[in-house]
Number of protein chains: 2
Amino acid sequence: MAVTIKDLSAYLGLSPSAVSKALNGYTDISQETRNRVFAAAVKLGYRPSAIARGLKTGRTFNIGIVYSENSGSGFTHSYFSPVLESLKAEAEIQGYDITFISSSMRASGQKAMTYLQHSQYRNVDGVCIVCCEFNDPQIIELVNSGIPVVTIDRPFEGKACVASENVQGMKALVNYIISMGHKKIAMIYGSPSNITTIRLNCFIETMKENGIPLLEGYLVESLYHNPGAVKEAVAKLLSLPYPPSCIVLPDDFASLGAIELIEERKLKIPEDISIAGFDGVPILQMLHPRITTVLQDTFTIGREAAKLLINQIEDSENFIPRTVEVATKLIKGETVANNRR
Amino acid sequence: MAVTIKDLSAYLGLSPSAVSKALNGYTDISQETRNRVFAAAVKLGYRPSAIARGLKTGRTFNIGIVYSENSGSGFTHSYFSPVLESLKAEAEIQGYDITFISSSMRASGQKAMTYLQHSQYRNVDGVCIVCCEFNDPQIIELVNSGIPVVTIDRPFEGKACVASENVQGMKALVNYIISMGHKKIAMIYGSPSNITTIRLNCFIETMKENGIPLLEGYLVESLYHNPGAVKEAVAKLLSLPYPPSCIVLPDDFASLGAIELIEERKLKIPEDISIAGFDGVPILQMLHPRITTVLQDTFTIGREAAKLLINQIEDSENFIPRTVEVATKLIKGETVANNRR
DNA sequence: TGGTCATACTAAAACGATTTAGAAACATTT
DNA sequence: AAATGTTTCTAAATCGTTTTAGTATGACCA
């Protein structure tokens, strides 16, 4: 059906190799022949077969995406989805398609592949790891396999990474809350997720810097991106003898659990209790009260991840692994009350 | 690096063809040899190369996804994303990966490929079209190319399709609104989108069946999944001399525009004005007021689409193109006021 | 004993590209 | 005139599979 290089060569009276060379810019082809080849390629509608080329060259122009499988949200994940969207767009500009790498793929009745095996099976040129379970042994195996890798949010020794300036963002958020007059500030941090641990540490440090005491029971472990778990955590905080006036949540999406509980208790945000999230999920900024949060630049994160990965693939000798930090922005929103007297 | 069939054959003292046949269940291989081959495959960690197999057999176990590019939402699209998520999950179960087919891909400096060319370039076994611009000439070309195709929401003559029971869903919604005592009901319908036209017709018909007059200016064309455009449309309706008591919107996400405008006008939902959406977007059901809407079963839609496509790929002779209709469910929510006296 | 038939394998071509080595044609140098 | 160099092409191998055709071996039958 599709036009092959053989069809072209027959049409032109050339050898297949000459046609291939002409198309690929080899210098031992005359300008005239090159022109004829290009003209014929357009005329006959020739398209190279990605898989044939991939077989011979070992390059597929396909990048693998390890995407948070167990988050339960998939493509609807409020933070990863827009990152992925941007990553895909940039990859496409550079001529790469993306393939999702899972740990449940099985080919012809064999048992499930690991991430690494799936990557090899599809011969991806590199892999971008967009998820939050970096302690998974399969992730470790993949990162150390030698395949070009970029991770999002969590740096690995000697590997490329793209992450928000979490520390700066968190600091700005906590300073803002404090500047609004809050003293009784609690934090719910998510697990399992390396990123929320970084934010937790930053929270503690910023409180200390401001000389604000951290009351007993004010740090609650919960789950990232999980409204249900966060709802319980908020309940725990509100039933303390000295409940906080402001609660910092693991992320915006999880704030839905907080909002639900607070409504059930017939309390008002922010008059009775203030909350803050992290991420800057667009849909939540379209509703009232607009949540006070830290905007992550998902567009830049995704784009930089793609660039970093493709650089690495195409110029692996000169590539220097590094972590690219992407600026965040405080969104003051409407969920932190002014407590100054 | 990776173990090939040749490595296996050398290890076992067999010909590559024997190994291949053993792995693929040919009957002219003795049971004993077959066992040895499988054992060696496991031991050496053999994984077939998808591209080599694809080159020879013409089957890549890859399905193409044409995904709403111009919606501006990408992976964050409130309706398509969960459909895609489910589709991907089912495809994976059946051993297929997915590849996004775009109309902007360019390989080695050539000009952008059409959807069909991109599909051929990647040798996908079939394509699922998940978008709302079915009049795009490139979509038509793809649908008629002979590649196995499944569409979502919009049937094509002689092709497989999966769609919600839009008519039943819309009817239920309108009947519910009427049962709540509303008489002045307006509709904002989205364009360009075939699906909202179906819903519009159904709205008109259901109104007629109930003997409720459709007042002048009560049908407003706007845009699907576009809060900004819908906001304007609502403004138009509210400035009518006889404004509606209830507005049916193109979809849940677009309702954000309606809510914004209504808040700006210092009106209350549903006391002053009732609204209803379509889709059943989960995040909006977690907030108050929960929007009155029609839940689309995105999980089933995605799964059925994958099944239909893979059936067609794997048994094309016996495949009978058909439209699978998926049931919808009315969510009464909190945005339609009780107007019965 | 020679012919037929299964059985269980091997050889080789093929898929569609790329790439290395080599060759033909012609020009240039010594 | 022979040697050398340039330019521009072709031949053939190769990537890792699958698949068709063919072959060796032994069994069975007449």
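Below, read A as the first sequence line, B as the second, and so on, with proteins coming before strands; counting in each chain starts at 1. Excluded from the calculations below are hydrogen atoms, water molecules and symmetry mates; all remaining heavy atoms, backbone and side chain alike, are included.
In this structure, Val19(B) and Lys6(B) have side chains that are not in contact, with every pair of non-hydrogen atoms separated by 4.5 Å or more. No side-chain heavy atom of Thr60(A) sits less than 4.5 Å from a side-chain heavy atom of Arg122(A).
Under the ring pair (Phe, Tyr, Trp, His ring centres under 6.0 Å) criterion, Tyr79(B) pairs with no residue at all, not counting sequence neighbours. Considering only residues two or more places apart in sequence or on other chains, Lys21(A) meets the salt bridge (Lys or Arg N to Asp or Glu O under 4.0 Å) condition with Asp28(A). The side chain to side chain donor-acceptor pair (under 3.5 Å) test applied to Ser86(A) returns no partner, not counting sequence neighbours. Evaluation of the ring pair (Phe, Tyr, Trp, His ring centres under 6.0 Å) rule for Tyr121(A) yields no partner, not counting sequence neighbours. For Arg154(B), the side-chain contact (heavy atoms from CB on, under 4.5 Å) partners at least two apart in sequence or on another chain are Phe134(B), Asn135(B), Phe156(B), Asn194(B). Here Asp153(A) pairs with nothing under the salt bridge (Lys or Arg N to Asp or Glu O under 4.0 Å) rule; sequence neighbours left out.
Residue pairs meeting the salt bridge (charged side-chain N to carboxylate O under 4.0 Å, His left out) criterion with at least one partner in residues 306-316 of chain B, sequence neighbours excluded, are Arg59(B)-Glu314(B). Sequence neighbours left out, the pairs with a member in residues 33-46 of chain A that pass side chain to side chain donor-acceptor pair (under 3.5 Å) are Tyr11(A)-Lys43(A), Ser30(A)-Thr33(A).
Aromatic rings from Tyr67(B) and Phe75(A) are positioned such that their centres are separated by 6.0 Å or more.
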Any N/O pairs under 3.5 Å between the protein and nucleotides 23-26 of chain D? List them or say none.
none

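For the helix from dT1(C)-dA30(D) to dT30(C)-dA1(D), the rotation axes defined at the first and last 5 base pairs enclose an angle of 70°, given to the nearest 10°.
Ring geometry for Phe61(B) versus Tyr96(B): interplanar angle of 30 to 60°, hence tilted.
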Checklist entry - Which letter, B, S or -, goes with each nucleotide of nucleotides 7-17 of chain D from 5' to 3', with contact meaning a protein heavy atom under 4.0 Å? => result -BBBBB-BBBB

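Extent of DNA chain C lying under 4.0 Å from chain B heavy atoms, first and last nucleotide in 5' to 3' order, is dA8(C) to dG16(C).
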